[in-house]
2 protein chains.
Amino acid sequence: MSDLLERLRERGWRLTAQRRVVAEVLNGQHVHYTADEVHALAAERLPEIARATVYNTLSELVALGEVLEVSTDGRAKRYDPNAHHSHQHLICSRCGMIRDVHPEGDPLSALPENERFGFTISEATVTYRGLCPHCATA
Amino acid sequence: MSDLLERLRERGWRLTAQRRVVAEVLNGQHVHYTADEVHALAAERLPEIARATVYNTLSELVALGEVLEVSTDGRAKRYDPNAHHSHQHLICSRCGMIRDVHPEGDPLSALPENERFGFTISEATVTYRGLCPHCATA
DNA sequence: ATCTTGACTTGGACAAAGTCCAATGTAAGC
DNA sequence: GCTTACATTGGACTTTGTCCAAGTCAAGAT
């Protein structure tokens with residue numbers, strides 16, 4: 001935890017109570033919260049924190065590479081604190097639960113040159129969908 | 001084109017002027033429009049078509065499996081008329097443009113059994129991101 | 001050809017998610 | 001402990017999408 005705050009301070013991040021609370025809410029979670037959920041959890045500790053501040057802070061954490069933005073469908077974006085381990089996502093089509101997974105190989109290499117259309121490709125994400133054990137039996 | 005409309009009619013779809021125009025806008029495109037873009041294009045031919053009708057019609061086409069919904073990020077969903085050929089997407093991080101691409105191999109097989117957490121996995125989608133030739137030079 | 005009817009369309013209100021901005025507050029360096 | 005540049009606030013605004021009651025119309029029946 002304090003690693004995160006220290007890394008941020010080294011990069012010139014001004015450490016305010018609001019930013020600390022947002023970072024603490026995210027840190028070490030294996031669930032991926034929406035911005036509104038982060039706001040609600042942060043407000044438990046710091047009641048007057050503004051929605052805009054949560055959005056700002058999340059965007060900064062994403063820009064700094066400390067947190068990943070995951071947009072699963074047309075709904076709210078979710079924030080994934082596990083930015084330092086490359087991984088992909090497995091999502092339950094029914095309940096929306098997300099698990100981090102680690103497929104083998106590099107999906108980037110599966111795209112031949114003549115399928116790149118002049119793009120400068122920087123990233124490939126793989127999303128697996130299906131039913132989680134709980135939803136499959138329910 | 002008329003294939004699509006015929007298929008839909010066989011399934012009991014009531015063919016209205018509005019639905020015809022929406023289907024015609026989508027048909028045969030290799031770009032993937034947002035609902036608003038579809039609305040604008042449809043309105044060129046049928047000026048008074050309502051936004052709600054476009055949304056309704058797109059949802060029906062998706063439910064019938066004739067069109068795929070692609071949600072690229074937090075922005076508007078895009079509609080992909082190429083539902084009958086399996087493919088993946090390459091997205092410009094700046095302007096949001098989408099191209100269909102065809103990577104080699106099957107991403108599903110890259111996920112080992114012990115990384116499936118009891119899920120019944122039905123689908124794997126791969127999304128490549130980068131800058132399109134136009135945005136890379138601008 | 002006209003009627004009938006249930007499905008379709010309309011437009012406006014509403015909602016969710018997110019952005020923007022001017023005024024105010026404050027962390028950190030001096 | 002001052003100062004000031006940077007952060008926060010809250011409310012208005014935007015975008016994307018959904019909902020609904022009232023009006024309209026495609027298509028089968030007569």
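Side-chain atoms are counted along with the backbone in the values below, which use heavy atoms only and exclude waters and symmetry mates. Reminder, nothing fancy here: chain letters follow the sequence lines and each chain counts from 1.
- With sequence neighbours excluded, no residue forms a side chain to side chain donor-acceptor pair (under 3.5 Å) with Arg99(A).
- Only one option out of Thr57(B), Asn56(B), Leu58(B) pairs with Val54(B) in a side-chain contact (heavy atoms from CB on, under 4.5 Å); it is Leu58(B).
- Judged by distance alone, the side chain of Arg116(B) and the main-chain N or O of Leu111(B) form a donor-acceptor pair under 3.5 Å.
- Nucleotides of DNA chain D lying under 4.0 Å from heavy atoms of chain A occupy a range whose first and last members, 5' to 3', are dA5(D) to dG10(D).
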Identify each atom pair where a protein N or O and an N or O of nucleotides 16-20 of chain C are less than 3.5 Å apart, giving names and distance.
residue, atom, partner, partner atom, Å
dG18(C), OP1, Lys77(A), N, 3.1
dG18(C), OP2, Tyr55(A), OH, 3.1
dG18(C), N7, Arg51(A), NH2, 3.1
dG18(C), O6, Arg51(A), NH2, 3.4

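- Annotation for Thr120(A) and Ala136(B): closest pair OG1-CB, 4.3 Å, computed over non-hydrogen atoms.
- Both Leu41(A) and Leu61(A) are assigned to one and the same hydrophobic cluster, defined by single-linkage of ILVMFWY side chains at heavy-atom distances under 4.5 Å.
- Summarising the geometry, atom CD belonging to Gln88(A) is positioned 10.0 Å from atom OG1 belonging to Thr125(B); distances are rounded to the nearest 0.5 Å.
- Considering only side-chain N and O atoms, Gln18(A) lies nowhere under 4.0 angstrom from the phosphate OP1 or OP2 of dG25(C).
- Sequence neighbours left out, the pairs with a member in residues 84-108 of chain B that pass ring-ring contact (aromatic ring centres under 6.0 Å, His included) are His32(B)-His89(B), His87(B)-His89(B).
- To the nearest angstrom, P of dG25(C) lies 16 Å from CG of Leu46(A).
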Sub-3.5 Å pairs of nitrogen or oxygen atoms, protein against nucleotides 3-7 of chain C:
residue, atom, partner, partner atom, Å
dG6(C), N2, Arg14(B), NH1, 3.1
dG6(C), N2, Arg14(B), NH2, 2.6
dA7(C), O4', Arg14(B), NH1, 3.2
dA7(C), N3, Arg14(B), NH2, 3.2

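- Closest approach of Cys92(B) and Phe119(A) over heavy atoms only: N-CE2, 3.7 Å.
- Between Trp13(A) and Glu60(A) the shortest side-chain heavy-atom distance falls below 4.5 Å.
- Within the helix from dA1(C)-dT30(D) to dC30(C)-dG1(D), the inter-axis angle between the opening and closing five-pair segments is 30°, rounded to 10°.
- The residue among Leu15(A) and Ala50(B) whose nearest nucleotide of DNA chain C lies closer to the 5′ end is Ala50(B).
- One finds no salt bridge joining Glu6(A) and Arg11(A) here, because no Lys/Arg side-chain nitrogen approaches an Asp/Glu carboxylate oxygen to under 4.0 Å.
- Minimum interatomic distance between Lys77(A) and Ser71(A) (heavy atoms only, all atoms of both residues): CG-CB, 4.2 Å.
- With DNA chain D read from its 5' end, the first of the two nearest nucleotides for Thr16(B) and Ile49(A) is the one closest to Ile49(A).
- Atom P of nucleotide dA28(C) and atom CG of Leu5(A) are separated by 11 Å, given to the nearest angstrom.
- Surrounding CZ of Arg9(A) are at most 12 heavy atoms belonging to other residues, nucleotides or ligands under 6.0 Å away.
- Ion pairing between Arg78(B) and Glu37(B) holds under the 4.0 Å rule for side-chain N and carboxylate O.
- Among the atoms of the strands shown, base atoms are found under 4.0 Å from some heavy atom of Thr53(B).
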